[in-house]
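The figures that follow rest on heavy atoms only: side chains count, while hydrogens, waters and symmetry mates do not.
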Amino acid sequence: MKIATWNVNSLTVRLEHVLEWMESAEPDILALQEIKQTNDMFPADAFKEIGYHAISNGQKTYNGVALISKQKPKNTLTEFSDYDDFQRRILISDIGNVRIMNLYIPNGQSVESDKYIYKLSWLKALIKHIKSEQEKYKDIIILGDFNIAPEDRDVYDPEKWGEEVLCSPKERQAFSKMTDLGFVDVFRLFDQNEKSFSWWDYRAASFRRNAGVRIDLILANESLSKKCVKSVIDREPRAWERPSDHTPVIAQFDI
DNA sequence: ATGGTCGGGGACCGA
């Protein structure tokens, strides 16, 4: 089973990229973030035509997530219980025998910002929700745009980035809570190039200079992670005409 | 400095 995540920065603009990428990559499950469209604008038919089920949790202008899958998603959730959030950032479903949690974690803007407070409270609600999912499901994959660089090696210039947003201790502590719950960042199970990133700023020729960060992640519970046979970042779509600023991340499981 | 959205100019957001 091939599972992928991609922040597309507007599915309205990027639909052709997504369809073209899916044709060659042939994922079983694709989690999208920042679709930036309401559910009535979501192009479910375009995915249906190429043999996929497609569901979305969207809103106007910002945020929005979607799940595209060969198997039909079931028992879908679009909210954490006991956490009011008008921003559409989660889509959780059973696909096959796996609980899939597609996340668009808040960016936070800067550690001095109110948006950072929101990010930390959102992460707290997420940890609580993960625990409740673990009571019901054995195999869980948590994937998406985490807006957290787990380690210094996930940042092109960690000295310069310091403890700014994406790298601050409180964000990394929240990430550690997920690994403490038994989740494994499957990309790191394999030999990878130094400076492997999934996002590059549109500005200052960042992609050409490989000045990026790795914030798009795929986590699996420990027993499931043992069945992960491959995980790569596909840099190719980032080089296409009018790209998203993120590129797809893939994990292959022997299930 | 770049790109997307909404809207019809320029502010907000992204990481």
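- Every residue two or more places apart in sequence or in another chain that forms a side chain to side chain donor-acceptor pair (under 3.5 Å) with A:Q37 is listed here: A:T12.
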Scan the side chains in residues 211-218 of chain A for donor-acceptor partners under 3.5 Å anywhere in the protein, sequence neighbours excluded, and list what turns up.
from, atom 1, to, atom 2, distance (Å)
A:R214, NE, A:D154, OD1, 2.8
A:R214, NH1, A:D185, OD1, 3.3
A:R214, NH1, A:D185, OD2, 3.4
A:R214, NH2, A:D154, OD1, 3.3
A:R214, NH2, A:D185, OD2, 2.7
A:D216, OD1, A:H246, ND1, 3.3
A:D216, OD2, A:S198, OG, 2.6
A:D216, OD2, A:H246, ND1, 2.9

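- For B:dT2, the OP1/OP2 oxygens have no side-chain nitrogen or oxygen of A:R242 closer than 4.0 Å.
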Only pairs under 3.5 Å count here: list side-chain donor-acceptor contacts from residues 155-163 of chain A, not counting sequence neighbours, and write none if there are none.
from, atom 1, to, atom 2, distance (Å)
A:D157, OD1, A:K160, N, 3.2
A:W161, NE1, A:V165, O, 2.8

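- The C1' atoms of B:dA1 and B:dA15 are separated by 15 Å, rounded to the nearest whole Å.
- A:K60 has its NZ atom 18 Å from the P atom of B:dG4, to the nearest Å.
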Donor-acceptor contacts under 3.5 Å from residues 21-29 of chain A side chains, at least two apart:
from, atom 1, to, atom 2, distance (Å)
A:W21, NE1, A:D234, OD2, 2.8
A:S24, OG, A:W21, O, 3.2
A:D28, OD2, A:K2, N, 2.7

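- A distance of about 16 Å separates the P atoms of B:dG7 and B:dA11, rounded to the whole Å.
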Polar atoms only, N or O, under 3.5 Å: list the protein pairs with nucleotides 11-15 of chain B and their distances.
from, atom 1, to, atom 2, distance (Å)
B:dC13, OP2, A:K115, NZ, 3.3
B:dA15, OP1, A:N7, ND2, 3.3
B:dA15, OP1, A:E34, OE1, 3.0
B:dA15, OP1, A:D145, OD2, 3.3
B:dA15, OP1, A:H246, NE2, 2.9
B:dA15, OP2, A:Y104, OH, 3.0
B:dA15, OP2, A:N147, OD1, 3.4
B:dA15, OP2, A:N147, ND2, 3.1
B:dA15, O5', A:N147, OD1, 3.4
B:dA15, N9, A:N107, ND2, 3.1
B:dA15, N7, A:N107, OD1, 2.7
B:dA15, N7, A:N107, ND2, 3.0
B:dA15, N6, A:Q109, O, 3.3

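- At a threshold of 4.0 angstrom between heavy atoms, the contacts of A:R214 with the nucleic acid are absent.
- Atom P of B:dG14 sits at a distance of 26 Å from the matching atom of B:dG9, rounded to the whole Å.
- Considering only residues two or more places apart in sequence or on other chains, A:D152 meets the side chain to side chain donor-acceptor pair (under 3.5 Å) condition with A:R172.
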Parsed dot-bracket for DNA chain B after applying the Watson-Crick and G-U rules with both distances under 3.5 Å and | for other-strand partners is ..((((...))))..
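- Salt bridge annotation for A:K131-A:E135: absent, with no cationic side-chain nitrogen under 4.0 angstrom from a carboxylate oxygen.
- Remark: the separation of the P atoms in B:dT2 and B:dC6 is 22 Å, to the nearest Å.
- A side chain to side chain donor-acceptor pair (under 3.5 Å) check over residues 39-55 of chain A, counting only residues at least two apart or in different chains, returns the pairs A:T38-A:D40, A:N39-A:S56.
- Taking the side chain to side chain donor-acceptor pair (under 3.5 Å) definition, one finds that A:K115 meets it with A:Q109, sequence neighbours left out.
- Residue A:F207 is not grouped with residue A:I233 when hydrophobic side chains (ILVMFWY) are merged at heavy-atom distances under 4.5 angstrom, including chains of intermediate members.
- The nearest whole Å value for the distance from the CZ atom in A:R209 to the P atom in B:dA1 is 15 Å.
- Atom C1' of nucleotide B:dT2 and atom CZ of A:R14 are separated by 12 Å, given to the nearest angstrom.
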